[in-house]
Amino acid sequence: MSDIVSPLEPGSMMSDLRVRFAPSPTGSLHIGGARTALFNWLFARHNNGVFVLRIEDTDLERSTGESARGIVSALRWLSLDWDEGPEIGGPCGPYFQSQRLCLYTEAANKLLEQGMAYYCYCTQEELSERRQQAMKAGKASRYDGRCRTLSREDRIRLEQEGRRPALRFHIPPSGVTVVTDVIRGEVAFSHEVLDDFIIMKSNGHPVYNFACVVDDSSMKISHVLRAEEHLSNTPRQILIYQALGEPLPVFVHLPMILAPDRSKLSKRHGATSVQEFSEQGFLPEALLNYLALLGWSPEGEEEIMPLPEIVRQFSLDRVGKNAAIYDTKKLTWMNGHYLNEADLNSVVEQAIPFLQQRGLVPDDVSPEQREYITRVVEIVRTRVKTLAEIADASDYFFSDDFIYEEKGVRKHFSKPGVDRLLSAAAQRLEPLEPYETRVLEDAYRDLSTELGVSAGEIIHPTRLALSGRTMGPGLFELMAVLGKKKTLQRLERAVQFIRQQA
RNA sequence: GGCCCGUUGGUCAAGUGGUCUAAGACAUCGGCCUUUCAAGCCGGUAACAGGGGUUCGAAUCCCCUACGGGUCACCA
């Protein structure tokens, strides 16, 4: 038995598993789209399948090249790489729908010849007029099929009026189409609720429900993972697959991601685009990890999971059914975690643009500056949650020109004798060598004992003197990073300030 | 409005008829630690939408109601 290697059916090989992410370039990639992309990618990587990226730019009015580029770069930022698609091509290209027009026309002609599609000369105005009336009468606004039976003469007449026809798909008048969905089971749609929908616009371009089917079948997509909003489109698409004589893919409708107010995600909900999260200083690893947990859950209790581990564990069995509201608090917490755990140099690399943006470091960072930045980031990152906060929390390391927090001045600079305390500290620091955390702390402890004050009484004013703040990294680490020269200067500056106040 | 999907704490979620006096995470509250702020550690508050069934037994199965979402475009 063990000698017999059973030949795999060609159709059953895992490498035939093909999924795609098919965004329309009418805006930036928002986290809902990113989650869909992620699940497709995870599913492909876990099963050794192929992940295809296809740009659905059939809407001439709304699609822009800029959006397409934005989506591509957002996916790259997230490190969701595709095996076929824009920039890299592949055997099923092109990967922009706008460049696959002849495929749609060909398929449309086939349906036309078979009598499964027909020309419709109704104008958009007429259509919407009828829709309004139906609405008013409280009836379903379905297309009434009036162009289905147009004669040759009718059509010539209508075209002489200057009308350009759209192509409609003829829904089989009775019956039920059942969508078999991995997440939701069997969902039946009666044909009565489906009307003859347009598959080719009068401008010769296909409409989503049609282009999508033509592409998914010509690209040999085996599993369609997409958001649940497409579930009710699916019966229409199945009917097209059948009319074209193409096999159905496996459908997987993912639960939606909703905004905090339970409504569908849109721009007015603040940061929802991947780019915005990036600009706010979130790390791609954190966003990915967070997104993976929206709709999917691992078997164990550990939620912090690096991407390879998520790939290893990912399974459709553990994808839920219900929509999720995203919660920036948890994302922020997770980001803070990744900020601390990630490789220091990588965090520095990503933090530098934020420092530059605030004018804290020059556009060209020298090796010495980078070394200094690294030391700063190392002690600052443990107490912040985002890259932007790293920059906010470390400005005084890069600029001498800071003001003292008012609250701190009241609390730590107003006690009689603080100026002498700081002077004494400066004197004690001056000869210290090496200027290191341990040495600094010992010096301060000794000094406070000698002066008969608590360590805090001298530590707090020192922090304020050095950073202008009442909170921050451990004081002795701060001093060590700042260096002796700056420390002494700032101590002196504070002494002057206090004496002026008095 | 028609059709479709969904409903476990504030949020994400585990749970697939008994082990549920319902796990874990974030948030929140309290404590410990401590030079501050975080982090970390320990502990607390907090949920099966409602009503009917089925069953010896229901968060889990069925029905109804309510609520939420989606969809009904020459948008995707």
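Labels below follow one simple rule: chain letters A, B, ... track the order of the sequence lines, proteins then strands, and each chain is numbered from 1.
Nucleic acid contact for R262(A): sugar-phosphate only, since backbone atoms but no base atoms lie under 4.0 Å from a heavy atom of the residue. Backbone-only contact: R318(A) has heavy atoms under 4.0 Å from sugar-phosphate atoms and none from a base. Across all strands shown, E56(A) has heavy atoms under 4.0 Å from sugar-phosphate atoms exclusively, and none from any base. Residue S297(A) is in sugar-phosphate contact alone, with no base atom involved, counting any heavy-atom pair closer than 4.0 Å across all strands shown. When heavy atoms are screened at a 4.0 angstrom cut-off, I198(A) is found touching base atoms of the nucleic acid.
Remark: C1' of rC37(B) and CG of L478(A) are 12 Å apart, rounded to the nearest angstrom. Separating the NE2 atom of H460(A) from the C1' atom of rU36(B) is a distance of 6 Å, rounded to the nearest angstrom.
Taking the side chain of R463(A) as heavy atoms from C-beta on, and the options rU11(B), rU36(B), rA73(B), the nearest nucleotide is rU36(B). Of the candidates rU35(B), rG24(B), rU36(B), the closest approach to any side-chain atom of R445(A) belongs to rU35(B). Listed nucleotides: rC26(B), rC74(B), rA38(B). Nearest to the side chain of L127(A): rC74(B). When each of rC26(B), rU35(B), rC74(B) is scored by its nearest atom to the side-chain atoms of K329(A), the top-ranked nucleotide is rC26(B). Closest to the side chain of V193(A), from the set rU8(B), rC3(B), rC74(B), is rC3(B). Side-chain atoms of I459(A) lie closest to rU35(B) of the nucleotides rG68(B), rU35(B), rU36(B). Among the nucleotides rA76(B), rA27(B), rC12(B), the one closest to any side-chain atom of L294(A) is rC12(B). Listed nucleotides rA76(B), rC74(B), rU7(B) differ in distance to T58(A); the shortest reach to its side chain belongs to rA76(B). For V207(A), taking side-chain heavy atoms from C-beta onward, the closest of the listed nucleotides rA38(B), rG15(B), rC74(B) is rC74(B). Considering only side-chain atoms of R236(A), the nucleotide from rC26(B), rA38(B), rU71(B) that sits closest is rU71(B).
Of the two residues near RNA chain B, S263(A) and S24(A), the one whose nearest nucleotide lies more 5' is S263(A). Mapped onto RNA chain B by nearest heavy atom, G474(A) and Q124(A) fall at different nucleotides, with G474(A) at the one closer to the 5' end.
For R383(A) against rC37(B), a side-chain-to-base donor-acceptor contact under 3.5 Å is present. A donor and an acceptor atom never sit less than 3.5 Å apart when one is taken from the side chain of K330(A) and the other from the base of rA27(B). With hydrogens and angles ignored, a donor-acceptor pair closer than 3.5 Å exists between the side chain of N233(A) and the base of rA76(B). Side-chain atoms of S202(A) and base atoms of rC74(B) include a donor and an acceptor less than 3.5 Å apart. On a pure distance criterion of 3.5 Å, a polar donor-acceptor pair joins the side chain of E303(A) and the base of rG24(B).
Aromatic ring orientation, Y241(A) versus F251(A): perpendicular (interplanar angle above 60°, classes split at 30° and 60°).
The pairing partner recorded for rU19(B) is none, the criterion being a Watson-Crick or G-U wobble arrangement whose two distances lie under 3.5 angstrom. rA66(B) is paired with rU7(B) under the Watson-Crick or G-U wobble criterion, all donor-acceptor distances under 3.5 Å. In this structure rG1(B) sits in a base pair with rC72(B), meeting the Watson-Crick or G-U test at under 3.5 Å. Within the shown strands, rC32(B) is the pairing partner of rG40(B) under the Watson-Crick or G-U definition, both distances less than 3.5 Å. Of all nucleotides present, none satisfies the Watson-Crick or G-U wobble test against rA13(B) with each distance under 3.5 Å. Of all nucleotides present, none satisfies the Watson-Crick or G-U wobble test against rC48(B) with each distance under 3.5 Å.
A cation-pi geometry, defined here as NZ or CZ lying under 6.0 Å from the six-membered ring centre and within 45° of its normal, holds between R168(A) and Y143(A).
Atom CG of residue N233(A) and atom CZ of residue R226(A) lie 7.0 Å apart, to the nearest 0.5 angstrom.
In this structure, H230(A) has its ring center under 6.0 Å from that of Y208(A).
At the phosphate of rA73(B), OP1 or OP2 sits under 4.0 Å from a side-chain N or O atom of R131(A).
A 6.0 Å sphere centred on CD of E161(A) holds more than 12 heavy atoms belonging to other residues, nucleotides or ligands. The environment of CD in Q99(A) is crowded: more than 12 heavy-atom neighbours from other residues, nucleotides or ligands sit within 6.0 Å.
Judged by distance alone, with hydrogens and angles left aside, the side-chain atoms of R490(A) form no donor-acceptor pair with the main-chain N or O of A465(A) at under 3.5 Å.
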